[in-house]
Amino acid sequence: MGFAPYSGLGLLSAAVRHKTFVSYYHKADQAYRDAFEKVFGHLFIGKSVQPGDISTDVSADYIKRLILEGYITDASVLVVLVGSKTLCRKHVDWEISAGLNKKVGGYSGLIGILLPDIPLLPNGNFQYESLPARLADNARSGYADIYTWNWITSSEQNVRNAIQTAFDARISRASKIDNSRAQLGKNLCD
């Protein structure tokens, strides 16, 4: 269990914008994703899948390939918006896995943002069990940082610092990446 409000690695200047993929459960958390990109989208170059970009009528392998090649290969940071059902969504797991695969340009940095429906412990920490398993593995290993929605969205500087820290972690913490888990084959909840 832990919480990383800011790890202290390099500060991001206003001019530097990293290519960032935002992963989330579309059905439940679209409003948070829209708000995040509307308010803070000017701080990064968005590489996310937009609603309707990928047909759900195609095979799982084709969707995985589209996500990897069309979106995540070009992203240097992956932000996961964690709502109460994000942990059981196969597409979120596939997106995290793709970001943690070495590709042209290296790995993606990884950030988890706990949405307000994720309960915190009385001491303000989170429970790993509320995260998607692959994100939890990387938070435990020290590769990924986890923030709360209220903290990270309280200032542009918090968002800048979190993205820069994740970007830097691609090199400084690459040995801590844990992508050993088998990918989800199906959604574990609705």
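Because only heavy atoms are used, hydrogens play no part in the values below, and waters and symmetry mates are left out as well, while side chains stay in. Remember, predicted model here, so these are calculated numbers, not experimental data.
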Given the rule in the salt bridge (Lys or Arg N to Asp or Glu O under 4.0 Å) test, do D29 and R89 qualify, once you have shown the distances and angles that lead to the verdict? CA-CA 12 Å; D29 302 320; R89 306 307 298 173; over 6 Å; no

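Closest approach of A166 and L110 over heavy atoms only: CB-N, 3.9 Å. Residue R173 comes nearest to D145 through the heavy atom pair NH2-OD2, 3.2 Å, listed as atom of the first residue, atom of the second, then distance.
Remark: T20 OG1 to I111 CD1 distance equals 7.5 Å, nearest 0.5 Å. Within the model, atoms CG of L87 and NZ of K85 stand 10.0 Å from one another, a figure rounded to the nearest 0.5 Å. The distance from atom OG of S97 to atom CH2 of W94, rounded to the nearest 0.5 Å, is 10.5 Å. Atom CG of L81 and atom CD of Q30 lie 10.0 Å apart (nearest 0.5 Å). Within the model, atoms CZ of F21 and CD of E95 stand 3.5 Å from one another, a figure rounded to the nearest 0.5 Å. One finds the OH atom of Y24 at 6.5 Å from the CG atom of D34 (value rounded to the nearest 0.5 Å).
Among N158, V77, D168, the one residue that satisfies the side-chain contact (heavy atoms from CB on, under 4.5 Å) test with I163 is V77. Considering V159, I146, N161, V79 in turn, V159 is the only one that fulfils the side-chain contact (heavy atoms from CB on, under 4.5 Å) rule with I152.
Between N138 and K176, the closest side-chain pair of non-hydrogen atoms is not below 4.5 Å. Looking at R170 and Y143, their side chains come closer than 4.5 Å, going by heavy atoms from C-beta outward. Contact annotation: the side chain of L78 approaches that of I96 to within less than 4.5 Å [non-hydrogen atoms, C-beta and beyond]. Proximity of S23 to V92: side-chain heavy atoms (C-beta onward) are separated by under 4.5 Å at one or more points.
I113 and F44 fall within the same hydrophobic cluster, defined by Ile, Leu, Val, Met, Phe, Trp and Tyr side-chain heavy atoms under 4.5 Å apart, directly or through other members. L184 and Y25 are not part of a single hydrophobic cluster, where members link through side-chain heavy atoms under 4.5 Å apart.
Ring-plane geometry between F36 and F40 is classed as tilted, the angle between the planes lying from 30 to 60 degrees on a 0 to 90 degree scale.
Using a distance-only test at 3.5 Å, with no hydrogens or angles considered, a donor-acceptor pair links the side chain of S108 to the main chain of A75. Judged purely by atom type and a 3.5 angstrom limit, R134 uses its side chain to pair as donor or acceptor with the backbone of R181.
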